[in-house]
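This one's a predicted model, so the numbers in the text were calculated from it and none came from an experiment. For the numbers below, each heavy atom of this structure counts, side chains included, while hydrogens, waters and symmetry mates do not. Protein chains get the first letters and strands the later ones, always in sequence-line order, with residue 1 at the start of each.
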2 protein chains.
Amino acid sequence: AIGIPFISLLIYSMLTEDVTEFDAPAIAEIDKAIKQQSQIDESAPMRLRMEKLIKDHQKKLTEELSRIDGKEFRTDTWTRPSGGGGTSCILQDGNVFEKAGVNVSVVYGKLPPAAVQSMRANHKAFVDTTFDSLNFFAAGLSVVLHPHNPMAPTVHLNYRYFETSDPKDPLHGKTVWWFGGGTDLTPSYLFPEDCKHFHQTIKNACDKHNIAYYPKFKEWCDKYFYIPHRRETRGVGGIFFDDLDAEILKNSTSSSQNPQEELFFFVTDALSSFLPSYIPILERRKDMLFTPAQKQWQQLRRGRYVEFNLIYDRGTSFGLRTPDARIESILMSLPRTASWAYMDPVSGTVKDPSPTEEASVDGEDKAREKEMMDVLRHPRQWV
Amino acid sequence: AIGIPFISLLIYSMLTEDVTEFDAPAIAEIDKAIKQQSQIDESAPMRLRMEKLIKDHQKKLTEELSRIDGKEFRTDTWTRPSGGGGTSCILQDGNVFEKAGVNVSVVYGKLPPAAVQSMRANHKAFVDTTFDSLNFFAAGLSVVLHPHNPMAPTVHLNYRYFETSDPKDPLHGKTVWWFGGGTDLTPSYLFPEDCKHFHQTIKNACDKHNIAYYPKFKEWCDKYFYIPHRRETRGVGGIFFDDLDAEILKNSTSSSQNPQEELFFFVTDALSSFLPSYIPILERRKDMLFTPAQKQWQQLRRGRYVEFNLIYDRGTSFGLRTPDARIESILMSLPRTASWAYMDPVSGTVKDPSPTEEASVDGEDKAREKEMMDVLRHPRQWV
């Protein structure tokens with residue numbers, strides 16, 4: 001499926017140039033040539049298979065979400081001067097969604113080794129840091145949906161693939177690759193059946209591949225989406241993983257011949273489980289009646305979402321500090337509206353609330369809000 | 001004015017204990033004793049003079065702001081288990097203010113040298129890092145006022161004093177001290193006369209002490225309150241300085257006998273200029289008519305305020321990472337409400353807006369919003 005002669009020509013033309021200067025675009029050029037010459041199938045490099053997967057899902061997701069909302073997504077395609085680009089699909093001020101973003105980015109870049117390693121939780125990559133910069137490829141799909149109705153939860157999804165090439169031989173040398181991603185739910189009000197459904201659907205997708213995945217990635221998710229200064233999680237979790245490479249399959253019972261392929265199939269199934277995990281919840285919550293006080297509570301919860309994303313989220317931090325990053329796409333994760341209150345009687349960050357404080361949180365609404373906080377302070381097993 | 005015998009007793013009792021363990025509380029105890037024995041006058045340690053100054057101003061400011069708003073401040077006094085505490089005065093959902101915070105904190109603590117140095121812009125302090133922890137004293141007044149009316153600007157003020165004591169001899173050794181602070185204005189709509197008034201009032205206070213201060217601290221302010229990922233400043237500036245110690249007076253024409261005293265008087269005058277710099281602006285804007293669209297624009301500007309404070313503000317970052325910090329007091333700076341829009345036609349962070357984008361920003365309101373953005377992207381000299 002790969003246009004060998006054309007690629008050889010490309011490689012040849014490169015060797016006549018200053019390789020260290022042109023190697024990153026070279027990989028981009030090779031990929032471009034492959035895409036022009038053939039369909040992307042299992043013989044194509046993982047970069048292109050991942051790109052196709054996330055683009056197919058972007059199309060599927062925006063179609064389905066747009067059907068539910070009744071409003072179309074706005075689509076912006078952008079390129080980075082240093083290589084790569086993406087497509088951001090945003091639906092803002094819709095009928096169901098305050099803000100919904102479904103973004104794809106595909107980046108061919110060069111970064112100092114330290115920066116590439118900061119992309120990894122475990123800092124594996126090429127630990128030899130004697131070279132000045134490292135070519136990397138990154139492709140990811142990011143979804144954040146903020147519905148209007150305070151009974152309908154916010155949901156987030158991100159699946160990504162990274163590759164760094166050997167700086168000494170970018171075209172034929174060893175490739176270091178890993179997958180990352182996950183999905184998590186952030187309700188303002190707790191509906192245990194929603195949490196169970198969300199977790200069960202994801203667990204089923206995980207179990208198809210490895211029964212160790214769900215418990216491991218569920219715990220990772222609770223740890224990752226934690227707001228230390230508030231001593232609470234962002235939501236009711238889901239799964240989260242990073243640095244997923246051949247290592248994870250070492251102790252697996254399924255002795256895989258091709259770990260990269262195996263993990264790609266896992267990510268494919270995880271992605272496919274997204275709509276089934278979320279849409280049934282959205283359908284039963286989006287038209288529920290709610291009070292202005294409940295909308296207010298949702299706004300406070302959205303404030304915490306902003307705190308997590310701006311202070312702790314690794315992807316956001318990394319993105320905002322990347323030269324030429326597309327800021328509007330990165331910050332689509334922020335809610336349309338949010339609120340902060342000083343010493344909110346239910347969710348305020350106080351160690352020992354006074355008896356007066358405690359007494360002021362009576363009433364049915366307050367009880368439901370306290371129930372939500374309890375779960376955020378003590379993550380539960382949902383399945 | 002200092003109760004010498006009692007202090008000697010304290011020091012003596014300390015020398016019979018493990019000094020390295022009890023030195024930080026010792027300074028707190030000494031200060032407590034001084035406060036019990038006498039009025040704080042110019043013979044008292046700078047720690048106590050600064051504490052008195054900011055507490056007096058907290059009282060004056062809350063009284064004046066409460067008079068204008070018609071609603072009382074809520075007052076919370078808190079202590080840290082490791083020493084010190086503070087008083088937070090918050091007025092929320094008032095008649096004039098969405099949220100107004102006037103906070104004092106006075107902290108006696110112990111920190112690793114690296115942490116103390118991160119409190120300083122220039123990382124001076126004790127550069128000898130062979131010891132495990134450093135006693136520090138920090139006292140500060142923080143004010144953030146977010147009015148309802150989009151024509152009335154948000155304002156921020158912070159003045160602080162730090163002291164670290166010689167780890168080898170905390171009671172009699174050399175003290176390293178510095179002042180920091182400033183004040184800055186964040187309008188949603190530009191009224192040049194407001195900016196001029198604000199800057200002129202501050203400049204007058206600076207000029208009384210050193211004509212080099214205003215230009216230096218105005219520039220520092222524009223640099224500090226800059227949001228790199230948005231390529232814009234948080235507002236129209238004011239003054240900002242940090243690490244202010246004897247060094248700044250070296251080349252000064254006024255050969256000061258007592259640099260610490262000199263800088264304390266400067267901070268005193270800067271603080272006193274706050275109400276005159278802001279209240280006349282508030283008075284003429286707080287009851288202006290405005291449209292829902294103008295309120296919307298204010299909400300977007302508030303979103304940027306949140307971005308700066310959560311991502312870049314050194315005080316906020318430091319506070320959120322301090323064990324036992326009072327989170328609710330630190331985050332009082334966040335607005336009551338904020339909003340984010342994808343690709344806002346006026347304030348969106350896009351390098352080259354398309355002609356369609358440009359065309360969509362016609363109209364008088366949009367012109368005023370563009371005028372505001374222009375100033376945020378290209379800081380001006382106001383006086």
What part of [X] is in contact with chain B, defined as an atom under 4.5 angstrom from a non-hydrogen atom: side chain, backbone, both or neither?
{"X": "A:E328", "value": "both"}
{"X": "A:R321", "value": "side chain"}
{"X": "A:I330", "value": "neither"}
{"X": "A:E98", "value": "neither"}

Pi-cation contact, B:W78 with B:R80 (under 6.0 Å, within 45°):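 Relative to the ring axis of B:W78, which defines the angle, B:R80 lies outside at least one limit.
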
Distance under 6.0 Å and angle within 45° of ring axis: A:R234 vs A:Y305: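 Yes - A:R234 lies over the ring of A:Y305, closer than 6.0 Å to its centre and within 45° of its axis.
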
Greatest number of heavy atom pairs closer than 4.5 Å to chain B - which of A:G303, A:G319, A:S329, A:P335: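 When all of A:G303, A:G319, A:S329, A:P335 are compared, A:P335 has the most.
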
Top of B:L334, B:T337, B:T322, B:D93 for chain A proximity - count of heavy-atom pairs under 4.5 angstrom: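 Looking at each of B:L334, B:T337, B:T322, B:D93 in turn, B:L334 comes out on top.
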
B:I54: which of B:N103, B:L141, B:V102, B:T87 passes side-chain contact (heavy atoms from CB on, under 4.5 Å):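 Exactly one option meets the side-chain contact (heavy atoms from CB on, under 4.5 Å) with B:I54, and it is B:L141.
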
Mutual orientation of the aromatic rings belonging to A:Y312 and A:F308 [parallel < 30°, tilted 30-60°, perpendicular > 60°]: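 Judged by the thresholds at 30° and 60°, the geometry between A:Y312 and A:F308 is tilted.
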
Distance-only donor-acceptor check, side chains B:Y224 and B:D313, under 3.5 Å: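 Checked: B:Y224/B:D313 side chains pair up, N/O donor to acceptor below 3.5 Å.
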
